[in-house]
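Only one structure is covered here, and it is reproduced in the block below.
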Amino acid sequence: MAVNIEAYFSILNQAQAKHAQLIVVSKKQTVQDIKILYDLGHRDFGENYVQELQEKQTQLPQDIRWHFIGHLQTNKLKYIAPYIYLIQSIDSLKLMFELHNQALKCHRKIPFLIEYKISQEPTKAGADTKTLEMLLGHLTQCPNIHCQGFMGMGSVTHDDEVTKNEFKIISSKFLEHQSQELSILSLGMSNDYKLALSYHSNMIRIGSLIFGNR
Ligand SMILES: *Cc1c(COP(=O)(O)O)cnc(C)c1O
């Protein structure tokens, strides 16, 4: 599968125009294709699977900023804790406490986002509102990790009204808690990033528009 360089620059420009960061989602893509974007200057890549990320991390340049965006099991955290740039998928107290444990072990302050469940789809992960507030309430107990904001995933739908309602929920939650510390709203994928950028997203995660369908 060829990398769509034109699409990459187009999306990058749209993100920059809105002061948003572009995370290129490279799950299931080869290190060769990732390297093409790296050579164009891109550094932020998102991965969903721990083992796949481990392999790529050793094979690719060390200044890549790896974002973990997939479902995480507590027993896998230790593998990525030493180098991960931003974990975007913390959605339970158990995961957050284990992340804090691992941060202590590798002597680094690990940044993360709370994944907020905004879609009704049963397959979607994320904290519900009560859990999200509970996680925020326990942050002071976790000085070695740093909550930088929220991540959300809209439903897979062609109905913009559904997506808009979901984006409204997370962007108002974000605005409620936004601060110098908590400043990231990671929202928007290939099919809905334009809408996300109009709902206060400042970090979009794009895979298939750049790499083609997985
Ligand atoms: C796969 C994935 C993306 C990218 O999705 P595309 O539709 O390919 O752009 C973004 N965010 C998360 C959490 C993902 O799992």
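Whatever order the structure lists ligands and atoms in, that order sets their numbers, starting from 1. Computation of the quantities below employed the complete heavy-atom set of this structure, encompassing side-chain atoms and omitting hydrogens, waters and symmetry-equivalent molecules. Remember, predicted model here, so these are calculated numbers, not experimental data.
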- With side chain to side chain donor-acceptor pair (under 3.5 Å) as the test, would you mind laying out the steps for Asp128 and Thr131 before giving the verdict? CA-CA 5 Å; Asp128 59 20; Thr131 307; 2.6 Å; yes
- Can you tell me if Gln88 has a non-hydrogen atom under 4.0 Å from ligand 1? no
- Query: So is Asn191 polar-close to ligand 1, meaning N/O to N/O under 3.5 Å?
  - Reply: no
- Query: What about Met153: any of its N or O atoms under 3.5 Å from an N or O on ligand 1?
  - Reply: no
- Message: Suppose we measure from atom 7 (O) of ligand 1 to each protein heavy atom; which comes out shortest, and what is that distance?
- Response: Ser208 OG, 3.4 Å
- Item | Worked check of side chain to side chain donor-acceptor pair (under 3.5 Å) between Tyr49 and Glu55 | CA-CA 10 Å; Tyr49 309 100; Glu55 286 166 16; over 6 Å; no
- If we number the atoms of ligand 1 from 1 as shown, the ones under 4.0 Å from a heavy atom of Asn48 are 14 (C), 15 (O)
- side chain to side chain donor-acceptor pair (under 3.5 Å) partner of Ser186, chosen from Gln88, Gln21, Glu115: Gln88
- Message: Show the atoms of ligand 1 that are less than 4.0 angstrom away from any heavy atom in Ile206.
- Response: 9 (O)
- Could you walk me through whether Phe211 and Val24 pass side-chain contact (heavy atoms from CB on, under 4.5 Å), step by step? CA-CA 9 Å; Phe211 293 110; Val24 171; 3.4 Å; yes
- Please say whether the positively charged group of Arg43, taken as NZ for Lys or CZ for Arg, lies over the ring of Tyr38, i.e. under 6.0 angstrom from the six-membered ring centre and within 45 degrees of the axis. yes
- Note on the structure: Note: heavy atom closest to atom 14 (C) of ligand 1, options Arg205, Lys27, Met189, Met151, belongs to Lys27
- Item | Value rounded to 0.5 Å, distance of OH in Tyr116 from NZ in Lys173 | 5.0 Å
- Item | Ring geometry between Trp66 and Phe45 (parallel below 30°, tilted from 30 to 60°, perpendicular above 60°) | tilted
- Note on the structure: re atom 9 (O) of ligand 1, the protein heavy-atom contact at minimum distance is Ser190 OG, 2.5 Å
- Note on the structure: atom 12 (C) of ligand 1 has as its nearest protein heavy atom Ile69 CD1, 3.5 Å
